[in-house]
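Order of appearance sets the numbers: ligands from 1, and atoms from 1 within every ligand. Just so you know, these numbers use all the heavy atoms, side chains as well, and skip hydrogens, waters and symmetry mates. The chain is numbered in sequence order, starting from 1.
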Amino acid sequence: MTKPHILQVGPYPEWDQIPLDAAFTVHRYFEAADKAAFLAEVGPMVRAIATRGELGANAAMIAACPKLEVISVYGVGYDAVDLEAARARGIRVTNTPDVLTKDVADLGVAMMLVQSRGMIGAEAWVRDGSWGEKGLYPLKRKVWGRRAGVLGLGRIGFEVAKRLAGFDMDIAYSDTSAKEYAGSWEFIADPVALAERSDFLFVTLAASAATRHIVGAKVIEALGPEGMLINISRASNIDEAALLDALEAGRLGSAALDVFEGEPKLNPRFLRLPNVLLQPHHASGTVETRKAMGQLLRDNLTAHFAGNPLPTAVL
Ligand code: 8YV
């Protein structure tokens with residue numbers, strides 16, 4: 001039996017690559033020097049695209065694959081997939097929700113703790129001998145009991161808030177509507193008002209055209225010189241220029257970021273800031289979770305080609 005041809009947009013770990021190569025004829029887009037020529041050559045054969053959350057599949061890529069049936073995303077976020085182009089041609093889209101939720105929440109909370117307690121600088125203080133030479137490390141700000149805002153109380157936001165409750169934090173959230181499962185957490189519809197009452201603001205909402213720059217200058221300034229912004233969603237949810245301006249001027253206390261515009265290249269202004277914690281988009285990056293994501297990506301492809309219901313369909 002001939003194996004379906006698939007276009008692989010970015011690399012996966014070996015434990016995913018081996019079964020993918022066994023089940024499909026895989027065309028590695030990311031290895032092609034001339035991407036346009038590669039697409040023109042293999043696109044007509046391609047029936048599925050296997051991609052990653054941050055890479056997606058744009059309109060040109062979809063258009064280059066006239067026989068495309070399904071796009072399987074390794075990641076919960078599918079904002080980088082051109083859904084309109086897919087919908088127009090009846091192309092199915094799948095993602096990998098749930099399996100990564102708790103790891104992403106863990107990293108967000110870890111970033112808050114590391115940043116608030118100054119652990120990166122504290123480590124350097126030990127290693128460079130400052131502890132012995134200069135004495136006690138400068139005092140940092142506490143986390144427990146303070147006010148946390150969660151912007152987007154979906155699966156990931158909910159897990160973040162649950163963890164924050166363990167630190168006896170005073171929790172509020174914004175979303176399109178109040179959530180029954182939020183219990184005693186306060187619902188504040190307006191993100192600016194949420195930021196105003198928060199010491200720590202977590203951005204956990206799924207990105208779309210509608211949420212672009214939802215964290216703009218007003219939200220950032222409302223969080224203020226003592227506030228911390230933590231982003232484990234997508235860079236597009238934040239107005240990065242406004243964020244950089246506020247961090248540089250001290251109008252925002254600090255930020256802890258796992259995602260950036262144009263990543264893995266990021267605005268060099270971030271690198272000069274002492275008040276940011278920078279992470280390489282790895283909130284779902286544990287062996288356990290990435291294995292589960294790879295399995296789910298393949299399960300969706302396998303189900304599609306077997307004519308079975310897709311386990312985690314977006315479209
Ligand atoms: C990435 C993500 O897919 O889940 C998402 O939306 O962005 C991540 O899990 C992951 O970094 C693999 O590329």
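The nearest protein atom to atom 13 (O) of ligand 1, hydrogens excluded, is given as Glu54 OE1, 2.7 Å; this is a heavy-atom distance. His281 NE2, 3.5 Å is the protein heavy atom nearest to atom 2 (C) of ligand 1. Scanning all protein heavy atoms for the shortest distance to atom 11 (O) of ligand 1 gives Arg290 NH2, 3.1 Å.
Between Gln8 and the choices Arg28, His27, Gln17, the side-chain hydrogen bond (donor to acceptor under 3.5 Å, both in side chains) rule is met once, by Gln17.
Short contacts between ligand 1 and Arg52, defined as distances under 4.0 Å to a heavy atom of the residue, involve ligand atoms 13 (O). Atoms of ligand 1 found under 4.0 Å from any heavy atom of Tyr74 (numbered from 1 in listed order, with element): 3 (O), 12 (C). Remark: ligand 1 atoms within the under-4.0 Å shell around heavy atoms of Gly53 are 3 (O). Distances below 4.0 Å separate heavy atoms of Ser284 from the following atoms of ligand 1: 8 (C), 9 (O), 10 (C).
At a threshold of 4.0 Å, the pair Arg92-Glu69 does not count as salt-bridged, since none of the basic side-chain nitrogens sits closer than that to a carboxylate oxygen. A salt bridge links Arg147 with Asp199: the distance from a Lys NZ or Arg NE/NH1/NH2 to an Asp or Glu carboxylate oxygen falls below 4.0 Å.
Proximity of a side-chain donor or acceptor of Thr101 to a complementary backbone N or O of Ile156 within less than 3.5 Å is not detected. Remark: the backbone N or O of Asn300 is not paired with any side-chain donor or acceptor of Thr94 at under 3.5 angstrom.
Of all the heavy atoms of Leu100, the ones lying under 4.0 Å from any atom of ligand 1 belong exclusively to the side chain. With a 4.0 Å heavy-atom cut-off, ligand 1 is reached by the side chain of Met293 but not by its N, CA, C or O.
Annotation: cation-pi pair Lys179/Tyr173 absent, no NZ/CZ under 6.0 Å from the ring centroid and within 45° of its normal.
Classified by interplanar angle (parallel below 30°, tilted 30° to 60°, perpendicular above 60°), the ring pair Tyr181/Phe158 is perpendicular.
Checking only distances, Val76 does come within under 3.5 Å of ligand 1, N or O to N or O.
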